[in-house]
Amino acid sequence: MIFRDLLDIFIPFECLCCGKTFLGDDKGANISLSLCADCMILVPRVLRSKEGEDLIIKRYILSGYDGPLGFVLRAAKYGNNFPLMYALGQFLAQSNWNNILQTEMYDGIVHVPTGRFRKLQRGFDQAEVLAIILSQESKIQRFSSLIRIDPKEQSKRIGQERFNRKLRFRSKEVRGRDKVLLVDDVRTSGNTLQQCAQELLCSGVKEVHSICLLSRQI
């Protein structure tokens, strides 16, 4: 461990966002997220609370997709980098969780599942990783009831396709979960979250809130 700490201090890292090199002891830099101090200044430390939309009562978003965290998420997802994805989950969990989310007294945390091929290709489901860490940090039980029946992800759709109400998820029966937190990595049009919320409400949940690491519409 001591040897690793010394390496972090003397061997420079490359910032995923701007490409600048920095050392592990640079004040304000974040080694886990591979972001230099200048880029970390642009990263929000507090979740944004947005007004609800239709079936989702409250929704929380940390940052915009085009900011520094967007570079980190893309490096994690498309680089099959689980440690980086885990670091993003920890950062999300630390972003004012105690002051905002824990006061809601959620009965459970559920994630928006990715397609089986994507999960196999990457070695992990990014939203599931976020949900696991949020559950660990908050002590709120995580459960899996949503099933993706359409493998095509929202980010791969174009134009009107994103607003197509074609059923892409199903939910198993949910018991004892009055208020749940729905977790995803990126909010694109909001249609995916809406469909998942609809399935959860039809399966026994009484109230759905959502939390996303990034949004394309900030």
What I'd like to find out is whether the side chain of [X] reaches to under 4.5 Å of the side chain of [Y], using heavy atoms alone.
X    : Y    : result
F22  : M40  : no
F91  : L69  : yes
L88  : L33  : yes
R45  : V43  : yes
V208 : Q198 : no
V110 : L200 : yes
E207 : D178 : no
I132 : Y86  : no

Quiz item: Is it the case that more than 12 heavy atoms not belonging to Q121 sit under 6.0 Å from its CD atom?
Solution: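 Yes, CD of Q121 has more than 12 neighbouring heavy atoms, counting only those of other groups under 6.0 Å.
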Exercise. Kindly check if the number of other-residue, nucleotide or ligand heavy atoms within 6.0 Å of CZ (R170) is above 12?
Key: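 Count not over threshold, so no.
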Nearest heavy-atom pair of [X] and [Y]: which atoms, and what distance?
X    : Y    : answer
V183 : L134 : CG2-CD1, 3.9 Å
F71  : D66  : CE1-O, 4.2 Å
D107 : G176 : CB-O, 4.0 Å
P113 : D125 : CA-OD2, 3.5 Å
L62  : P44  : O-CG, 3.3 Å
L16  : L84  : CD1-CD2, 3.6 Å

Distance, nearest 0.5 Å, that separates [atom1] of [X] from [atom2] of [Y]:
X    : Y    : atom1 : atom2 : answer
R122 : N81  : CZ    : CG    : 12.5 Å
Q126 : H111 : CD    : NE2   : 9.0 Å
I133 : E128 : CD1   : CD    : 11.0 Å
C36  : I31  : SG    : CD1   : 12.5 Å
K77  : F82  : NZ    : CZ    : 15.5 Å
K206 : R177 : NZ    : CZ    : 14.0 Å

Quiz item: With the 4.5 Å side-chain cut-off for hydrophobic clustering, are I147 and L120 part of the same group?
Solution: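 Different clusters: I147 never reaches L120 through Ile, Leu, Val, Met, Phe, Trp or Tyr contacts under 4.5 Å.
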Quiz item: Honestly curious: do L42 and L92 fall in one hydrophobic cluster under the side-chain, below-4.5 Å linking rule?
Solution: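 Unlinked, L42 and L92 end up in two clusters.
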I'd like to know if the side chain of [X] reaches the main chain of [Y], judged simply by a donor and an acceptor atom lying under 3.5 Å from each other, with no hydrogens or angles considered.
X    : Y    : value
R59  : S210 : no
S34  : C15  : no
Q195 : R168 : yes

Exercise. Take the angle between the ring planes of Y106 and H209 and call it parallel below 30°, perpendicular above 60°, tilted in between.
Key: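 Aromatic pair Y106/H209 classed perpendicular.
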Quiz item: Are S138 and I109 close enough, and set up right, to give a side chain to side chain contact (heavy atoms under 4.5 Å, CB included), and what steps lead you there?
Solution: CA-CA 10 Å; S138 66; I109 293 175; 3.9 Å; yes
